[in-house]
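Comments concern the structure below.
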Amino acid sequence: MGRHRTDEFDGGYQSQQQPAPRRRAAGGGRGRVLVPLAGAVALAVLLGVAAFVIFNRDHDCSGGKLALRVVATPDIQPALNKIAGTYNKALHSIDSRCVEVSVARESAAKTANALAAGKADADVWVADSSLVVARLRSEPAAAAALPEPSGSAATSPVVLVTAKSAASKLAGSLKPSWVSMIAAANVANPDGPGRKVRVLALDPQKNSAGMAALLAAAGSAKQAGQGKALVGALKELSGQLVSDPNALLASLTVKSGSRVPVGVTSEQTVHVHNTKKPDAQVVPLYPAEGTLSLDYPIMTITKDPAVQKAAAAFQKELTTESAGKVLRGHGFRTPDGKAGDALSKDKGFNPEAPEALPAPDAKTVASMTQTWSRLNLGTRMLTLLDVSGTMALPVPGTNMTRMQAISKIASEGLGLFPADSEIGQWAFSTHLDGQGKDWIENVSVGPLSETVDGVLRKETLNRTLQPKATGDTGLNDTIKAAYTEMSKTYAEDKINTILILTDGAGNDDPDGGVSDAQILSFLKKTYDPKRPVSILLIAFGPDAPKGKQRMDALAQATGGEAFIAKDVLQVRDIFLQAMERRLCSPKCDG
């Protein structure tokens, strides 16, 4: 074989044949081999220097540390804390200072209050929902201090939830939907699904998932034309509130009566509960209409330019796949709804993102907050019960007298009020106290659960009175006395109402007394929109329609309303309509 040419190597080509051992070249042969080698070494050195410069430019801690204080809600704090730990180890720097992120846990309500007071100890706030931010920004002082969110860290849909062991029973009683939940909770529908289902709610004033559920339910009810049912449901749910999602989920698996308990919470909370309590599993139920989600908005609060840069850098880190993996592992979805293995089908979840309901604007959130607050104000009510002679007459088509029917109406109405409601009763006719007065106090105004002379006030109020056979109707004198008393004893934290139950709105006082014109003048003069005492008037019987115009005048003079009940069962709807007026009082009629 001939000798191989050494210049084959100089041209960069190498035969696939195994070359024979080469003899050391004489003279300049050695130089030709070392030149490319030296070039390679030089290139490696230059690349190394460049890498060193780039690494140190991004990880230059010569200026010390730059603290970034993040405050997050307790549900997402563990995931963000884990991401921050990894981020800190990577030595990210801003202007020669290494960023050190700390993530503290604090409830959204507490942070919101601190921000409103200008005392928030945070550079970045990750709330659990934009609903909290919208409510806070509706306050002028807080809006100036709180910037708009710059992004979302994660999402978690708000779902209905029940015990896994009870899910099969629930299937035949409640379709997973907001409208069905409202029907089950409607206090005015005792024969509805509420016979088999007990609905629990998170306090919307303390929990974002509770507020999101309230908004979703209200929007769905409006779409379905179920406004009255919504009021009845909210009134019932106000007595079934749970402030803590963990307590709500724990209560779902505790047997209590024959009704299946159903609650609302975030999907991520369900994941955490099932992870910690494998023997007390709960399952999410995705509402048919769609739902709202907790969206974990990110807000940079600090005014320090360097810290603002650090906040932007850490927020960018939250968009990386590695951070997304951590968040999904904790049961969250990405901002676009992508789920991880923690929310798999075999664990009872639907990996597909549920349909999103339209996000409510700040005005809607503020309105719903006010609605909830007003509906849940306490009740202070004085009932004026007609016991005049005509109340002994029979009601056509029934086996009841007017007195018995009115008493049943009063009893039906009482069933809508919680035990802490303050209610009393006067009877009115003419000459009831032996001294010429047209009214007499049967039960003083006080809590229904309070005992009066050894008997619960509620039981005393439910007693059927006997009409005064020879009694006339001294309505005007009674209204003036009752309105004076309720105005004098007005309770700021309650809805103050006078309820009149009668078979008509006539005033046939043989002694004269206060005239129709005088009582209307008195009510208009005495009514104070800042301390409103409203009149709710319900008439029942064949004579009622004749007095409707007068009824309306009496009620409207105080921002109240008048109704004619065609049958006793209609009374619950009437009381719900009266409760709806709490939402607009004292400007319900413009």
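These numbers were taken from a predicted model, which means no experiment stands behind them. We count residues from 1, following the sequence as given.
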Practice task
Kindly indicate whether the side chain of K277, heavy atoms from C-beta on, has any atom under 4.5 Å from the side chain of T253.
Solution key: no
Practice task
Specify the closest pair of heavy atoms between A557 and K524, including all atoms of both residues, with the distance to one decimal.
Solution key: CB-CG, 4.0 Å
Practice task
First locate atom CG of D203, then atom CH2 of W372, and finally report the distance between them rounded to the nearest 0.5 Å.
Solution key: 6.5 Å
Handout entry: Check: S258/R195 side-chain N/O donor and acceptor closer than 3.5 Å
Key = no
Problem - Donor-acceptor under 3.5 Å (S373 side chain, T369 main chain) - result: yes
Handout entry: Nearest-0.5 Å distance that lies between atom OG1 in T460 and atom CG in N462
Key = 9.0 Å
Problem - Beyond-backbone contact of V387 with M391, side-chain heavy atoms, under 4.5 angstrom - result: no
Exercise for the section: Report the C-alpha separation of L174 and T162 in whole Å, then their side-chain angles, then the decisive distance to 0.1 Å, and conclude whether the side chain to side chain contact (heavy atoms under 4.5 Å, CB included) test is met. Expected result: CA-CA 11 Å; L174 184 78; T162 192; over 6 Å; no
Exercise for the section: Using modelled atom types only, decide if a donor and an acceptor are shared between the side chain of N496 and the backbone of Y490 within a distance under 3.5 Å. Expected result: no
Problem - Backbone of T489 reached by a side-chain donor or acceptor of R380 within 3.5 Å - result: yes
Problem - Donor on one side chain, acceptor on other, S293 and E267, under 3.5 Å - result: no
Handout entry: Contacts of R402 that satisfy salt bridge (charged side-chain N to carboxylate O under 4.0 Å, His left out) - sequence neighbours left out
Key = D503, D543
Problem - V272 and Q268, any side-chain heavy atoms less than 4.5 Å apart - result: yes
Handout entry: Test item: S180 side-chain N/O and K175 main-chain N/O as donor-acceptor pair under 3.5 Å
Key = yes
Handout entry: Residue list, side chain to side chain contact (heavy atoms under 4.5 Å, CB included) with P176, at least two apart or on another chain
Key = L285
Problem - Atom of A539, atom of A544 and distance for their closest heavy-atom approach - result: CB-CB, 3.6 Å
Practice task
For side chain to side chain contact (heavy atoms under 4.5 Å, CB included), just list the numbers for S107 and K206, CA-CA rounded to whole Å, side-chain angles, deciding distance to a tenth of an Å, and then say yes or no.
Solution key: CA-CA 9 Å; S107 71; K206 298 178 180 178; over 6 Å; no
Problem - Flag, side chain of S251 to backbone of L248, donor-acceptor distance under 3.5 Å - result: yes
Handout entry: Over 12 foreign heavy atoms within 6.0 Å of CD, Q223
Key = no
Problem - F522 and Y483 aromatic ring geometry - parallel, tilted or perpendicular at 30°/60° bounds - result: perpendicular
Practice task
Check the pair L523, I535 against side chain to side chain contact (heavy atoms under 4.5 Å, CB included), reporting the backbone distance first and the verdict last.
Solution key: CA-CA 10 Å; L523 292 175; I535 290 177; 4.0 Å; yes
Handout entry: Any L214 side-chain heavy atom under 4.5 Å of M211 side chain
Key = yes
Handout entry: Shortest non-hydrogen contact between L294 and S266, atoms and distance
Key = CD1-CB, 3.8 Å
Contacts under 3.5 angstrom, residues 413-425 side chains, donor-acceptor by atom type, not counting sequence neighbours:
unit_1	atom_1	unit_2	atom_2	d
S421	OG	P418	O	3.0
Q425	OE1	N442	ND2	3.2

Practice task
Give a yes or no answer on whether the side chain of T401 reaches the backbone of P394 with a donor-acceptor pair at less than 3.5 Å.
Solution key: no
Exercise for the section: Using modelled atom types only, decide if a donor and an acceptor are shared between the side chain of S534 and the backbone of T558 within a distance under 3.5 Å. Expected result: yes
Completion exercise
With sequence neighbours left out, the residues meeting salt bridge (charged side-chain N to carboxylate O under 4.0 Å, His left out) with D528 are none
Problem - Nearest heavy-atom neighbours spanning L292 and A216 - result: CD1-N, 4.1 Å
Problem - Distance in Å, E441 CD paired with L432 CG, rounded so as to fall on 0.5 Å steps - result: 13.0 Å
Handout entry: L554 and L520, any side-chain heavy atoms less than 4.5 Å apart
Key = yes
Completion exercise
In short, A280 meets N274 closest at the heavy-atom pair O-OD1, 4.4 Å
Problem - Residues which pass salt bridge (charged side-chain N to carboxylate O under 4.0 Å, His left out) with K566, listed by chain and number, not counting sequence neighbours - result: none
Practice task
Identify the heavy atoms of A224 and V179 that sit nearest to each other, and give their distance.
Solution key: CB-CG2, 4.0 Å
Problem - Reported CG-to-CD distance for the pair L461 and E459, which is rounded to 0.5 angstrom - result: 10.5 Å
Problem - K408 atom NZ, over 12 foreign heavy atoms within 6.0 Å - result: no
Practice task
Any chance you could measure I564, atom CD1, to I538, atom CD1, to the nearest 0.5 Å?
Solution key: 11.5 Å
Exercise for the section: Would you indicate whether the side-chain heavy atoms of V159 and T291 approach each other to under 4.5 Å? Expected result: no
Completion exercise
Value for CD1 (I182) from CD (Q226), rounded to nearest 0.5 Å, stands at 7.5 Å
Handout entry: Residues forming a side chain to side chain contact (heavy atoms under 4.5 Å, CB included) with E236, sequence neighbours excluded
Key = V187, Q240
Handout entry: Atom NZ of K494 with >12 non-hydrogen neighbours under 6.0 angstrom
Key = yes
Handout entry: Check: S130 main-chain N/O paired with D295 side-chain donor or acceptor under 3.5 Å
Key = yes
Exercise for the section: Count the heavy atoms of every other residue, nucleotide or ligand shown that sit under 6.0 Å from CD of Q466, and state whether that count exceeds 12. Expected result: no
Practice task
For residues L475 and I519, determine if any side-chain heavy atom of one lies less than 4.5 Å from a side-chain heavy atom of the other.
Solution key: no
Exercise for the section: Kindly check if the number of other-residue, nucleotide or ligand heavy atoms within 6.0 Å of CD (E492) is above 12? Expected result: yes
Practice task
Please lay out, stage by stage, how F428 and D386 fare under the test side chain to side chain contact (heavy atoms under 4.5 Å, CB included).
Solution key: CA-CA 5 Å; F428 71 93; D386 188 349; 3.6 Å; yes
Practice task
Without swapping roles, check the side chain of R457 against the backbone of P447 for a donor-acceptor pair under 3.5 Å.
Solution key: yes
Practice task
Compare all side-chain heavy atoms of V161 with those of L252 and state whether any distance is below 4.5 angstrom.
Solution key: yes
